[in-house]
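Read the numbers this way: they start at 1 and go in the same order the structure lists the ligands and their atoms. The analysis underlying the following values was restricted to heavy atoms, covering all of them including side chains, and did not include hydrogens, waters or symmetry mates.
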Amino acid sequence: MAERKWALITGATGGIGYEFVKIFAKKGYDLILVARNEKRLYSIKKKLESFYDTKVLYISKDLSETGAAEDVFRKVKEKNIFTEVLVNNAGFGDFGFFAESDLNKQENMINCNILALTALTRLFMTDMIEEGRGKILNVASIGSFMPGPCMSVYYATKAYVLSFTEALSVELKGTGVSVTALCPGPTDTGFWKAANTDDTSNLNNLKNASPRKVAGYGYKKMMRKKVIAVPGFLTGLAPLGIKLLPRPAVRKIVYKVQKMK
Ligand SMILES: NC(=O)c1ccc[n+]([C@@H]2O[C@H](COP(=O)([O-])OP(=O)(O)OC[C@H]3O[C@@H](n4cnc5c(N)ncnc54)[C@H](OP(=O)(O)O)[C@@H]3O)[C@@H](O)[C@H]2O)c1
């Protein structure tokens with residue numbers, strides 16, 4: 001009988017993460033789901049196990065908390081599971097001027113978007129390297145390529161994710177382990193509400209991508225061991241445009257777009 005493969009997905013209860021969950025279940029992976037909402041994790045487990053040939057474990061955890069990544073890793077190791085795929089997807093933003101922001105929320109964002117992602121990568125990659133196989137997908141953002149006035153800390157966290165992923169891709173050469181940064185543009189998920197943007201804002205006039213398509217694209221690129229994956233034709237052009245424009249112009253344009261939110 002073929003060996004079952006396990007994938008661990010953070011931020012599995014909604015948006016892009018939930019789409020990843022369905023893709024991996026369809027592909028026959030067993031799953032470890034991580035997010036805060038335990039009720040929703042349980043109901044996703046029940047649904048997936050009745051629809052697909054998959055075993056689902058879940059860990060309810062706030063990844064902003066100190067030691068969260070270590071707790072998740074310990075729980076997985078206690079079950080003697082080798083995690084073949086790690087999807088670091090959990091993350092959130094906060095809209096508004098930094099000077100008026102809630103410092104606690106900014107710190108939690110850095111903890112979740114940067115610290116937990118870094119620690120999970122470090123902890124799970126050791127076994128992957130030993131086994132000579134494994135894949136890590138870090139969800140960054142199109143914001144990784146630019147500064148983000150009105151979402152300054154969020155954009156900076158995503159710049160970290162991209163830089164970190166690119167550097168690891170070089171270090172991991174020849175190990176059998178790959179790492180991919182998925183960099184979506186605006187996507188139709190709960191992200192915007194969590195970031196305190198006005199639902200009735202002009203942002204709705206911008207064409208938001210579907211989370212299903214974004215996750216599908218990320219899955220494909222991760223399987224092909226692409227280092228940077230930017231879904232969507234127009235979003236895909238943005239990194240090049242940003243390289244060609246003078247930096248002050250980039251800052252001005254991003255600020256104008258942000259003010260539409
Ligand atoms: N939507 C966009 O436009 C967009 C664009 C570029 C990049 N991204 C990135 O895509 C990723 C997924 O976001 P999304 O758009 O799918 O947003 P979403 O619909 O708000 O989903 C976020 C997921 O992360 C989990 N989560 C949030 N804070 C957490 C915490 N402290 N600890 C553990 N889990 C937490 C949430 O579950 P619980 O509430 O149950 O914890 C949820 O499952 C994020 O990294 C985001 O930065 C989004």
Test of proximity, A35 against ligand 1: N or O pairs below 3.5 Å: no
Ligand-residue contact atoms, ligand 1 with S64, heavy atoms, under 4.0 Å: 31 (N)
Gap separating the CD atom of E38 from the NZ atom of K61, nearest 0.5 angstrom: 11.0 Å
Top protein contact for atom 36 (C) of ligand 1, by heavy-atom distance: T13 OG1, 3.8 Å
Any K79 side-chain heavy atom under 4.5 Å of W6 side chain: no
Any donor-acceptor N/O pair, S163 side chain to Y160 backbone, under 3.5 Å: no
Region of A68 engaging ligand 1 - heavy atom pairs below 4.0 Å: neither
Contact check: F92 vs ligand 1, nitrogen or oxygen atoms, below 3.5 angstrom: no
K61 neighbourhood, listing ligand 1 atoms whose heavy-atom distance to it stays under 4.0 Å: 32 (N), 33 (C)
Min heavy-atom dist K193 to ligand 1 below 4.0 Å: no
Check: T187 side chain, A209 main-chain N or O, donor-acceptor pair, under 3.5 Å: no
Which segment of C183 sits under 4.0 Å of ligand 1 when only heavy atoms are counted: neither
Taking atom 46 (C) of ligand 1 as the reference point, the nearest protein heavy atom with its distance: Y154 OH, 3.6 Å
N/O donor-acceptor pair under 3.5 Å between T197 side chain and W192 backbone: yes
Enclosure of K105 NZ (heavy-atom neighbours >12, cutoff 6.0 Å): yes
Ring centres under 6.0 angstrom apart (F20, Y219): no
M128 and L172, any side-chain heavy atoms less than 4.5 Å apart: no
Ligand-residue contact atoms, ligand 1 with N37, heavy atoms, under 4.0 Å: 40 (O)
N/O donor-acceptor pair under 3.5 Å between N138 side chain and L162 backbone: no
Region of K158 that comes within reach of ligand 1 [heavy atoms, distance under 4.0 Å]: side chain
Separation between CD1 of I81 and CG of D127, rounded to the nearest 0.5 Å: 11.5 Å
Sub-4.0 Å heavy-atom contact, P211 with ligand 1: no
Test of proximity, V34 against ligand 1: N or O pairs below 3.5 Å: no
Shortest protein contact, atom 31 (N) of ligand 1 (heavy atom only): D62 OD1, 2.9 Å
Closest heavy-atom pair and its distance - A140, A181: CB-CB, 4.5 Å
N37 versus T13, side-chain donor and acceptor atoms under 3.5 Å: no
Closest protein heavy atom (residue, atom, distance) for atom 14 (P) of ligand 1: T189 OG1, 3.4 Å
Option set A12, P184, C112, P231, criterion heavy-atom distance to atom 6 (C) of ligand 1, minimum: P184
Plane angle bin for Y42 and Y58 - parallel if under 30°, tilted between 30 and 60°, otherwise perpendicular: perpendicular
Atoms in ligand 1 flagged as close to G185, the criterion being non-hydrogen separation under 4.0 Å: 3 (O), 5 (C)
Backbone or side-chain N or O of F191 under 3.5 Å from ligand 1 N or O: yes
Protein contact to atom 28 (N) of ligand 1 [nearest heavy atom, distance to 0.1 Å]: R36 NH2, 3.3 Å
Nearest non-hydrogen protein atom, atom 16 (O) of ligand 1: I16 N, 2.8 Å
Atom indices of ligand 1, in the order listed, that fall short of 4.0 Å to a heavy atom of G15: 16 (O), 19 (O)
Protein heavy-atom partner closest to atom 2 (C) of ligand 1 - residue, atom, separation in Å: T187 N, 3.5 Å
Distance-only N or O hit between ligand 1 and N89, under 3.5 Å: yes
Check: P186 N/O within less than 3.5 Å of ligand 1 N/O: no
Atom indices of ligand 1, in the order listed, that fall short of 4.0 Å to a heavy atom of V139: 9 (C), 10 (O), 11 (C)
Side chain D188, main chain N208, donor-acceptor under 3.5 Å: no
Contact partition for Y18 relative to ligand 1, non-hydrogen atoms under 4.0 Å: neither
Donor-acceptor side-chain pairing of T121 and N88 below 3.5 angstrom: yes
Y255 six-ring face occupied by K259 cation (under 6.0 Å, within 45°): yes
Closest protein heavy atom (residue, atom, distance) for atom 22 (C) of ligand 1: G91 O, 4.1 Å
Polar contact flag for G190 and ligand 1 (N/O pairs, less than 3.5 Å): yes
